[in-house]
Amino acid sequence: MNKVTTLNQFIIEQQIRVPQATGGFSGLLHHVGIAAKKVNREVNKAGLVDILGRAGVENIQGEEQQKLDVYANETFIAELKASGECCAVASEENQDIVIFDEDLSRDGKYVFCMDPLDGSSNIDVNVSIGTIFSIYRRKSPIGEVANLDDFLQKGSQLVAAGYVIYGSSTMLVYTAGNGVNGFTLDPSIGEFCLSHPNIKTPASGTIYSINEGNYEKFPVGVKKYIKYCQETDKKSGRPYTSRYIGSLVADFHRNLLKGGIFVYPETKSHPTGKLRLLYECNPIAFIAEQAGGLATDGERRILDIMPESIHQRVPFYTGSRDMMKKITEFLQFFNNI
Ligand code: P6P
């Protein structure tokens with residue numbers, strides 16, 4: 001029988017390789033796994049109980065909060081607090097940072113950024129959704145109350161980043177800077193089990209993911225790239241195919257494994273794009289780069305961007321290295337003429 005490595009076993013194995021590790025990070029990740037299993041339980045039965053549909057309130061983005069959004073947010077916050085390793089959280093669902101000002105958490109070394117349930121408009125049509133998170137080491141002194149500066153760090157300072165995809169199966173994919181590993185939830189034992197060790201994204205691919213309904217508002221370089229993808233390639237026929245789910249985690253995860261590019265560019269109506277730097281673009285970018293891909297805002301490496309606010313939006317281009325280089329050529333040529 002093949003050896004099954006659970007998420008917790010993997011985390012401990014990784015910890016042993018870090019001489020100065022105290023187990024704090026391992027403890028934090030363990031609680032992330034617990035929260036993911038709790039959210040998965042509710043997502044899986046969303047159609048069966050009255051947890052579907054509107055919670056009747058709006059989040060700070062002005063988006064109608066689905067009840068599962070609220071549940072996921074509260075569940076992750078509760079688990080992060082219980083871990084004792086996290087001193088504050090920045091969440092898409094909260095306007096301000098959530099500070100844990102208790103003895104248990106004030107000594108926490110880490111701060112946590114998250115979109116607790118991304119793609120939630122897909123919940124009641126049974127399309128895959130996800131949790132996206134990133135973890136920084138705090139800058140403020142241990143024992144003191146965390147503050148905003150703990151979060152306004154470049155993505156290159158991240159300790160770890162990951163996502164949970166609640167799809168045909170539930171997976172947790174994360175990196176701590178030593179490659180990307182995927183764990184599939186085995187409901188029969190209630191554990192995330194290593195199913196995708198050392199994920200590397202193909203250098204190129206045939207999938208381009210973008211909401212072409214916004215075509216008219218795109219920069220010229222993006223329009224020209226879309227037309228390039230749609231042209232018949234004399235040698236290999238129609239090499240490209242358009243795939244867009246409208247759920248970042250689902251679109252990215254497919255492209256990560258198969259090769260492809262995901263683009264949510266700036267538009268005339270949204271000059272800084274739609275996706276949030278801290279808890280969507282940075283974590284996905286960290287994973288993309290660790291898997292051999294690239295992630296930019298069209299010009300700058302995502303992980304080099306200095307955040308100015310916790311809900312800051314940036315244009316987002318990420319995926320296979322060769323496809324990213326090609327779209328960048330289009331952007332540089334056509335956007336600057
Ligand atoms: P649009 C979901 O609301 C989300 O934040 C991402 O998961 C997804 O990639 C994007 O927005 C979809 O946006 O404008 O294409 O519906």
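Every heavy atom of this structure was used, including side-chain atoms; hydrogens, water molecules and symmetry mates were not. As the structure lists them, so they are numbered: ligands from 1, and atoms in each ligand from 1.
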Taking non-hydrogen atoms only, is F252 closer than 4.0 angstrom to ligand 1 via side chain, backbone, both or neither?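 Under 4.0 Å from ligand 1, F252 contributes no heavy atoms.
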Pick from [options]: the one approaching [atom] most closely through a non-hydrogen atom:
{"atom": "atom 12 (C) of ligand 1", "options": "F262, F316, Y244", "value": "Y244"}
{"atom": "atom 16 (O) of ligand 1", "options": "R276, K274, H270", "value": "K274"}
{"atom": "atom 8 (C) of ligand 1", "options": "G130, A250, G246", "value": "G246"}

Can you list the ligand 1 atoms lying under 4.0 Å from a non-hydrogen atom of [X]?
{"X": "S247", "value": "7 (O)"}
{"X": "L248", "value": "6 (C), 7 (O), 8 (C), 9 (O)"}
{"X": "N211", "value": "1 (P), 14 (O), 15 (O)"}
{"X": "E280", "value": "5 (O)"}

Does NZ or CZ of K37 come closer than 6.0 Å to the centre of the six-membered ring of F192, within 45° of the ring's axis?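 No.
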Would S121 count as a contact of ligand 1 if the rule is a heavy atom under 4.0 Å away?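 It does not; every heavy atom stays at 4.0 Å or beyond.
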Yes or no: does D118 have any heavy atom under 4.0 Å from an atom of ligand 1?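 Yes, D118 has heavy atoms under 4.0 Å from ligand 1.
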Can E42 and K67 be counted as an ion pair, charged N to O under 4.0 angstrom?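 A salt bridge is absent here (no side-chain N lies under 4.0 Å from a carboxylate O).
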Listing, residues 261-268 side-chain donor-acceptor contacts under 3.5 Å, not counting sequence neighbours, or none:
| residue | atom | partner | partner atom | Å |
| --- | --- | --- | --- | --- |
| E266 | OE1 | Y317 | OH | 3.4 |
| T267 | OG1 | S269 | N | 3.4 |
| T267 | OG1 | S269 | OG | 3.2 |
| T267 | OG1 | H270 | N | 2.9 |
| K268 | NZ | E216 | O | 3.1 |

Is it true that a side-chain atom of D150 and a backbone atom of N147 form a donor plus acceptor pair closer than 3.5 Å?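 A pair under 3.5 Å: yes.
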For T6, does its backbone N or O pair with a side-chain atom of Q9 as donor and acceptor, under 3.5 Å?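 Side chain of Q9 to backbone of T6, a donor-acceptor pair under 3.5 Å: yes, one is there.
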Pair up each side-chain donor or acceptor in residues 175-183 with any protein partner under 3.5 Å, not counting sequence neighbours, and list the distances.
| residue | atom | partner | partner atom | Å |
| --- | --- | --- | --- | --- |
| T175 | OG1 | G177 | N | 3.0 |
| T175 | OG1 | G179 | O | 2.7 |
| N181 | OD1 | N198 | N | 2.7 |

So, Q230 versus K227: side-chain donor-acceptor pair below 3.5 Å or not?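 The criterion, which ignores hydrogens and geometry beyond distance, is satisfied for K227 and Q230.
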